[in-house]
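What you see is a predicted model, and the numbers here were worked out from it, not measured in a lab.
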Amino acid sequence: MTTLLIDADMLLFRTMAACEIEANLGDEVWVRWAELNTVRTEFWETIDEWLGIWPDANYKLCWTGPSAFRKRIASDYKANRAAVLKPIGYKVMKRELLDEPTSFQHDEIEADDWLSLLAGALREAGEEPIIVSADKDLDQVPGRHWWPAGVKREEEPGLSVLEWSDELLRDKAKQWLVDETYAERQFYSQVLIGDSTDNIPGCAGVGKVGAKKIVDNFNTAEPVECWQEIVGQFEKALKKKDDVREPEDVALQQARLVRILRHGEYNPETSTVDLWTPPTLKS
């Protein structure tokens, strides 16, 4: 059985942004408005279109909650988003869609976590999950990924890209496969890069290009060595700033913030997270 694991926040946001209308009331007064019935129709027609590509598939809608466990790790996590406006009517539509039996949201975790957790559980059960999202952070998750036109993916070791055209898509679409090694390297890269959209600073002075150069040399079969190199990068960065914090502590906080939870790292019944532990601390 194929299951489409859909990044529902992303789908709803893009649907509502496309349906939003600006109107000039005169005297330099502008308003934005949205017809929620149109949004509702577009949202479900998009899912129907996707299910038309995989006729025997079912689907699950994954939503982001308040990210409580990450905010306990860093109180300023996502603090930079406080003033960012969602499309008008977004909260109303999300509340409605959360009542769907196929919707998944918990206050502790985010949509990315749900996508990864469900993908792992389905693979373990012998099913075939496909993560439907344009979020590159999800390249931390092994398996099949898909999103309609507009997502750039370059073929490289550990990541295979399949591109095809279909009338149902009205344009090109891409499907990519992530293996375990590539997923681990993406995680380590994200620790170094951070995520400015989520207010995660990363390792000062490294950046995307530098992180790729460092992590491409990692042998992920030797996780202790990989983690020691990550900590070493933070040590160098902290020394340059005369920062007295312990590099292991700073690196660990970054890792726990950026890591997308894997199957077995969250208990939905108790809403508890099994925080990632560095290989150097494992017995």
Side-chain angles (χ1 to χ4, degrees), residues 2-23 31-54 57-68 70-71 77-78 80-119 122 129-141 144-152 168-171 173-175 195 197-199 260-261 266 268:
T2 298
T3 300
L4 304 183
L5 302 175
I6 298 172
D7 186 338
D9 288 292
M10 181 172 288
L11 174 58
L12 180 59
F13 189 98
R14 294 191 177 200
T15 301
M16 297 203 73
C19 292
E20 196 172 78
I21 298 170
E22 286 187 350
V31 296
R32 295 182 302 145
W33 63 280
E35 187 177 314
L36 294 190
N37 190 49
T38 300
V39 172
R40 187 179 298 111
T41 299
E42 288 290 327
F43 184 91
W44 289 114
E45 283 185 351
T46 298
I47 291 178
D48 286 343
E49 182 178 286
W50 293 350
L51 292 173
I53 301 167
W54 288 280
N58 56 28
Y59 69 92
K60 298 182 187 297
L61 300 173
C62 298
W63 303 91
T64 289
S67 313
R70 289 186 176 88
K71 288 179 180 176
Y77 177 68
K78 287 192 174 180
N80 55 332
R81 293 195 186 190
V84 178
L85 292 176
K86 292 278 199 302
I88 194 164
Y90 180 90
K91 291 182 180 179
V92 175
M93 279 303 308
K94 182 172 179 176
R95 282 198 298 270
E96 174 184 314
L97 292 166
L98 280 171
D99 287 335
E100 291 292 320
T102 54
S103 282
F104 290 78
Q105 177 179 292
H106 278 194
D107 288 351
E108 286 292 312
I109 63 175
E110 304 182 28
D112 289 358
D113 300 310
W114 270 123
L115 292 163
S116 176
L117 293 164
L118 292 170
L122 288 167
I130 300 175
I131 293 176
V132 184
S133 176
D135 188 346
K136 288 190 175 183
D137 291 348
L138 283 160
D139 282 353
Q140 289 184 38
V141 184
R144 294 177 67 187
H145 297 248
W146 178 79
W147 188 255
V151 180
K152 185 178 181 180
L168 288 167
L169 302 175
R170 300 190 301 271
D171 204 340
K174 284 186 178 179
Q175 180 177 201
D195 190 337
T197 62
D198 288 342
N199 209 31
I260 295 174
L261 299 178
Y266 179 68

Side chains of [X] and [Y] in contact at under 4.5 Å (non-hydrogen atoms):
X: Ile47; Y: Leu61; value: yes
X: Lys94; Y: Lys86; value: no
X: Thr3; Y: Leu118; value: no
X: Leu115; Y: Val132; value: no
X: His145; Y: Ile131; value: yes

Heavy-atom pair of closest approach, residues [X] and [Y]:
X: Leu261; Y: Arg70; answer: N-NH2, 4.5 Å
X: Pro87; Y: Met16; answer: CB-CB, 3.7 Å
X: Ala8; Y: Phe43; answer: O-CE1, 4.3 Å
X: Ser103; Y: Leu97; answer: OG-O, 2.8 Å
X: Ala134; Y: Met10; answer: N-SD, 3.3 Å
X: Pro129; Y: Ala119; answer: CG-O, 3.6 Å

Please confirm whether the backbone N or O of [Y] pairs with a side-chain atom of [X], one donor and one acceptor, at under 3.5 Å?
X: Thr64; Y: Ala111; answer: yes
X: Glu20; Y: Ile88; answer: yes
X: Lys60; Y: Phe104; answer: no
X: Asp112; Y: Ile260; answer: no
X: Ser67; Y: Glu110; answer: no

Supply the atom-to-atom distance [X] [atom1] to [Y] [atom2], rounded to the nearest 0.5 angstrom.
X: Asn58; Y: Leu122; atom1: CG; atom2: CG; result: 8.0 Å
X: Asp7; Y: Trp63; atom1: CG; atom2: CH2; result: 9.0 Å
X: Ile130; Y: Trp147; atom1: CD1; atom2: CH2; result: 13.5 Å
X: Thr197; Y: Asp135; atom1: OG1; atom2: CG; result: 8.0 Å
X: Asp9; Y: Ser133; atom1: CG; atom2: OG; result: 9.5 Å

Going by the salt bridge (Lys or Arg N to Asp or Glu O under 4.0 Å) test, which pairs reach into residues 34-46, not counting sequence neighbours?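 Sorted pair list: Arg40-Glu96.
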By side chain to side chain contact (heavy atoms under 4.5 Å, CB included), which residues pair with Pro268, not counting sequence neighbours?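 So Pro268 forms a side chain to side chain contact (heavy atoms under 4.5 Å, CB included) with His106, Trp114, Tyr266.
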According to the interplanar angle, ranging from 0 to 90°, do the rings of Trp146 and Trp50 count as parallel (below 30°), tilted (30 to 60°) or perpendicular (above 60°)?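 Trp146 vs Trp50 ring planes: perpendicular.
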No-hydrogen, no-angle side-chain donor-acceptor test under 3.5 Å, Tyr77 and Asp195: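 Result is no, nothing qualifies.
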Can you sort out the partners of Glu100 under salt bridge (Lys or Arg N to Asp or Glu O under 4.0 Å), two or more places apart, ordered by chain and number?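 Testing Glu100 for salt bridge (Lys or Arg N to Asp or Glu O under 4.0 Å), a comparison that skips the adjacent residues, returns none.
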